[in-house]
Amino acid sequence: MPQLTNQQITSRAFLRPLYADSYFPNHVLDRGREILLRLCERIEAEKPADLTALYALTHAATEEFNALDGEFEKAGSAIETVAREEIAEDFWYVASAYGFADADVEALIATRDW
């Protein structure tokens, strides 16, 4: 795994409020956290030049969360309102940390089905 260089990202505890809620299984949250970290790795490697390029990367990560929703369901959980808001917040945090504070949070996760 490449070493992330963005200090805002390396100090961020992704999905933290969800880990505090027993409704969300940690092993599935761990996979969600990994999706967000892989997104950061791709941003650092590919250095998107504009929002269109960034959205392509975030949409791919959103598709991974779409697939992860089934894992939540198998564990008796779901990506529901609280989780949706937290995941969206982390996507926006990532965009902002990499200089895209003007990114639209709904556009970042436009491909979501949760």
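These numbers come from a predicted model, not from an experiment. Values below: all heavy atoms of this structure, side chains included; hydrogens, waters and symmetry mates excluded.
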## Note on the structure
Value for CD (Gln3) from CD (Glu41), rounded to nearest 0.5 Å, stands at 9.5 Å
### Task
For residues Glu64 and Glu34, determine if any side-chain heavy atom of one lies less than 4.5 Å from a side-chain heavy atom of the other.
no
### Query
Charged N to carboxylate O under 4.0 angstrom, Arg112 versus Glu63?
no
### Message
Looking at Ile9, is its backbone amide N or carbonyl O close enough to the side chain of Tyr93 to form a donor-acceptor pair, meaning the two atoms are under 3.5 Å apart?
### Response
no
### Task
Taking all heavy atoms of Ala88 and all of Val105, pick out the closest pair and write down the distance.
O-CG2, 3.4 Å
### Summary
Nearest heavy-atom approach of Ile35 to Ala61 is CG2-O, 3.6 Å
### Query
Is Asp90 salt-bridged to Arg12, cutoff N-O under 4.0 Å?
yes
### Query
Under the side-chain contact (heavy atoms from CB on, under 4.5 Å) criterion, do Phe91 and Leu39 qualify, and how do the steps go?
CA-CA 9 Å; Phe91 268 87; Leu39 170 60; 3.8 Å; yes
### Message
Checking the side chain of Thr111 only, and the main-chain atoms of His59 only, is there a donor and an acceptor separated by less than 3.5 Å?
### Response
yes
### Query
How far apart are the closest heavy atoms of Leu54 and Ile43, and which atoms are they?
CD1-CD1, 3.7 Å
### Task
Measure the spacing between CG of Leu51 and CG of Asp102 and express it to the nearest 0.5 Å.
5.0 Å
### Task
Check whether the side chains of Asp50 and Tyr55 place a donor and an acceptor atom closer than 3.5 Å, and report yes or no.
no
### Task
For side-chain contact (heavy atoms from CB on, under 4.5 Å), just list the numbers for Arg31 and Phe72, CA-CA rounded to whole Å, side-chain angles, deciding distance to a tenth of an Å, and then say yes or no.
CA-CA 10 Å; Arg31 291 185 55 200; Phe72 277 102; over 6 Å; no
### Message
Regarding Tyr98 and Glu44, do their side chains bring together a donor and an acceptor under 3.5 Å, going by distance alone?
### Response
yes
### Query
So do Glu86 and Phe24 actually touch side chain to side chain, heavy atoms under 4.5 Å?
no
### Task
Examine distances only and state if a side-chain atom of Thr58 and a backbone atom of Leu108 form a donor-acceptor pair shorter than 3.5 Å.
yes
### Query
About how many Å separate CZ of Arg33 and CD1 of Ile87, when rounded to the nearest 0.5 Å?
14.5 Å
### Message
Closer than 3.5 angstrom, by distance alone: can the side chain of Asp69 be matched with the main-chain N or O of Ala78 as a donor-acceptor pair?
### Response
no
### Task
In plain terms, say whether Glu71 and Lys74 are close enough for a salt bridge, that is, a side-chain N and a carboxylate O under 4.0 Å apart.
yes
### Query
For the atom pair CG (Leu29) and CG (Leu68), what is the distance rounded to the nearest 0.5 Å?
8.5 Å
### Query
Between atom CG of Asp104 and atom CH2 of Trp92, what is the distance when rounded to the nearest 0.5 Å?
11.5 Å
### Query
What's the shortest heavy-atom distance between Leu57 and Pro48, and which atoms?
CD1-CG, 4.0 Å
### Query
Quick check: does any side chain N or O of Ser77 sit under 3.5 Å from a backbone N or O of Tyr23, one acting as donor and the other as acceptor?
yes
### Message
For Ala75 versus His27, what's the shortest heavy-atom pair and its separation?
### Response
CB-CE1, 4.3 Å
#### Entry: Spacing of Thr62 atom OG1 and Asp113 atom CG [to the nearest 0.5 Å]
10.0 Å
